[in-house]
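Each residue takes its place number in the sequence, starting with 1.
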Amino acid sequence: MSIKQITSLTNQTIKDIRALHMRKEREATKQFLAEGLKIIIDALDQGIAPQILIYGKDADHHPLLQRAIDETLKARGQVLEVTRDILEKISRKENPQMVLAVFAQRIRRLSEIDPDSHEVWVALEQVRDPGNLGTIIRTADAAAIGGVILIGDCVDPFSVETVRATMGSIFALPIVKCTREEFIADRGRWRGSVVGTLLTAKHDHRSAPYKRPTLLLMGTEQSGLTPDIANTCDLHVKIPMRGRADSLNLSVATGIMIYAACGL
């Protein structure tokens with residue numbers, strides 16, 4: 001296979017790539033769009049090659065770009081050299097990244113993960129903000145926990161905004177999606193602590209008796225966990241609030257809990 005040059009904004013492949021900004025298209029194709037050479041190299045470092053690599057004809061031919069081209073072609077992916085107008089069209093930005101890529105989604109089921117394979121996992125119920133989710137995935141990667149479980153109607157982990165916020169960590173750990181019913185049915189496999197945050201909890205998050213494997217459950221900033229999911233917890237903890245604010249940003253609170261549960 002060789003590099004293909006594209007100059008037409010009406011090219012069907014370009015249209016298909018642009019469509020990945022829509023969730024329904026991502027779900028239909030099981031693909032997603034990632035922006036920037038760094039995140040693409042992060043994927044390659046994890047052994048994951050793009051299905052399609054797109055770069056601008058005016059891009060600086062850095063050795064890392066050549067690596068991305070070579071490894072994409074080796075994996076029998078497409079490599080497209082395009083104009084700046086096409087890059088702007090794909091990225092929906094006037095100052096686009098000069099390198100973009102299309103990857104296959106990797107979603108796990110609850111039954112495919114082993115709770116005992118890691119000491120700590122995190123589950124998020126109804127997380128709606130892509131920046132929060134991306135930051136949590138990045139934090140989970142930094143702490144080397146087992147993975148991130150998404151319960152119920154959550155923001156798409158493969159939206160451009162979420163992927164950007166992960167800074168490459170989207171490729172580093174399992175992302176699991178499930179319904180509330182599936183999570184409750186699977187609860188029995190978690191033989192350690194299932195931990196939720198609660199303002200009236202007696203245990204401080206720093207000194208709580210975490211048992212391994214620990215599953216952290218985090219809900220929305222507005223209403224927390226739903227009653228059905230909260231009832232699956234066997235341990236409630238609280239993060240002290242000393243100032244006037246009575247709540248924390250979800251990604252900040254989750255990061256605090258992850259590091260406390262890991263003992264870091």
Side-chain angles (χ1 to χ4, degrees), residues 1-106 129-139 141-142 155-173 175 251:
M1 300 181 71
S2 59
I3 298 172
K4 183 177 181 180
Q5 295 181 336
I6 297 179
T7 59
S8 173
L9 292 170
T10 61
N11 178 276
Q12 187 59 50
T13 301
I14 300 303
K15 290 182 178 180
D16 292 343
I17 295 170
R18 287 186 61 212
L20 294 176
H21 282 277
M22 298 184 292
R23 183 168 187 167
K24 66 177 183 180
E25 188 67 17
R26 293 193 298 271
E27 291 178 345
T29 61
K30 304 301 180 186
Q31 295 176 318
F32 69 98
L33 185 64
E35 303 173 319
L37 183 58
K38 178 190 179 300
I39 196 170
I40 295 166
I41 295 301
D42 285 341
L44 293 174
D45 287 343
Q46 297 291 325
I48 303 167
Q51 294 183 332
I52 306 174
L53 180 71
I54 311 104
Y55 69 93
K57 61 185 299 184
D58 299 324
D60 177 21
H61 275 267
H62 191 278
L64 291 178
L65 174 56
Q66 190 59 51
R67 176 190 170 189
I69 292 171
D70 292 344
E71 294 198 28
T72 301
L73 292 174
K74 183 178 179 180
R76 304 189 66 79
Q78 297 183 65
V79 176
L80 310 178
E81 183 186 88
V82 302
T83 63
R84 185 178 181 86
D85 286 344
I86 291 176
L87 286 176
E88 291 179 354
K89 201 77 170 179
I90 292 174
S91 66
R92 299 183 176 180
K93 294 179 182 178
E94 292 184 359
N95 295 301
Q97 294 277 356
M98 294 303 288
V99 187
L100 310 169
V102 174
F103 290 92
Q105 296 183 18
R106 298 187 304 155
D129 183 86
N132 276 342
L133 177 54
T135 301
I136 291 169
I137 292 171
R138 183 180 177 187
T139 304
D141 177 23
V155 67
D156 185 3
F158 296 107
S159 72
V160 171
E161 296 80 9
T162 305
V163 172
R164 184 186 302 127
T166 71
M167 294 292 289
S169 293
I170 190 71
F171 302 106
L173 74 173
I175 307 296
S251 63

Quick check for you: to the nearest 0.5 Å, what is the distance between [X] atom [atom1] and [Y] atom [atom2]?
X	Y	atom1	atom2	value
Leu64	Ile69	CG	CD1	11.0 Å
Leu53	Leu80	CG	CG	8.0 Å
Ile14	Ile6	CD1	CD1	4.5 Å
Leu87	Lys57	CG	NZ	11.5 Å
Thr7	Ile86	OG1	CD1	6.0 Å
Leu20	Lys15	CG	NZ	15.0 Å

Q. Would one find more than 12 heavy atoms of other residues, nucleotides or ligands at under 6.0 Å from atom CD of Gln12?
A.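 Yes - once you tally the heavy atoms of other residues, nucleotides and ligands closer than 6.0 Å, there are more than 12.
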
Closest contact, heavy atoms only, [X] versus [Y]:
X	Y	value
Pro157	Leu133	CA-CD2, 3.8 Å
Phe158	Arg26	O-CD, 3.3 Å
Thr10	Ser8	OG1-OG, 2.8 Å
Ala68	Leu37	CB-CD1, 4.4 Å
Pro130	Glu161	CB-CB, 3.9 Å
Asn132	Ser251	OD1-OG, 3.3 Å

Q: State whether the side chain of Arg106 and the backbone N or O of Phe171 hold a donor-acceptor pair below 3.5 Å, judged by distance alone.
A: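 Such a contact is found between Arg106 side chain and Phe171 backbone.
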
Q.
Gln97: which residues meet the side chain to side chain contact (heavy atoms under 4.5 Å, CB included) condition with it, sequence neighbours left out?
A.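 Only Glu35, Leu100 meet the side chain to side chain contact (heavy atoms under 4.5 Å, CB included) criterion with Gln97.
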
**Q.** Residues that Ala104 engages under side chain to side chain contact (heavy atoms under 4.5 Å, CB included), provided they are two or more places apart
**A.**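 Testing Ala104 for side chain to side chain contact (heavy atoms under 4.5 Å, CB included), a comparison that skips the adjacent residues, returns Gln51.
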
Q: Tell me, with the steps shown, if Val82 and Lys4 meet side-chain contact (heavy atoms from CB on, under 4.5 Å).
A: CA-CA 9 Å; Val82 302; Lys4 183 177 181 180; over 6 Å; no

Q: Test Gln31 against Asp16 for side-chain contact (heavy atoms from CB on, under 4.5 Å), laying out the working first.
A: CA-CA 11 Å; Gln31 295 176 318; Asp16 292 343; over 6 Å; no

Does [X] reach the side chain of [Y], with side-chain heavy atoms less than 4.5 Å apart?
X	Y	value
Pro50	Leu44	yes
Val163	Leu33	no
Ile90	Pro96	no
Asp156	Thr162	no

Q: State whether Lys89 and Asp85 are salt-bridged, where the test is any N-O pair (Lys NZ or Arg NE/NH1/NH2 against Asp/Glu carboxylate O) under 4.0 Å.
A: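 Here Lys89 does not pair with Asp85 in a salt bridge, since their nearest N and O are not under 4.0 Å apart.
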
(Q) By the side-chain hydrogen bond (donor to acceptor under 3.5 Å, both in side chains) test, which pairs, at least two apart or in different chains, include something from residues 68-82? (A)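 Counting only pairs at least two positions apart or across chains, the side-chain hydrogen bond (donor to acceptor under 3.5 Å, both in side chains) contacts touching residues 68-82 are Gln5-Glu81, Tyr55-Glu81, Gln66-Asp70, Arg67-Glu71.
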
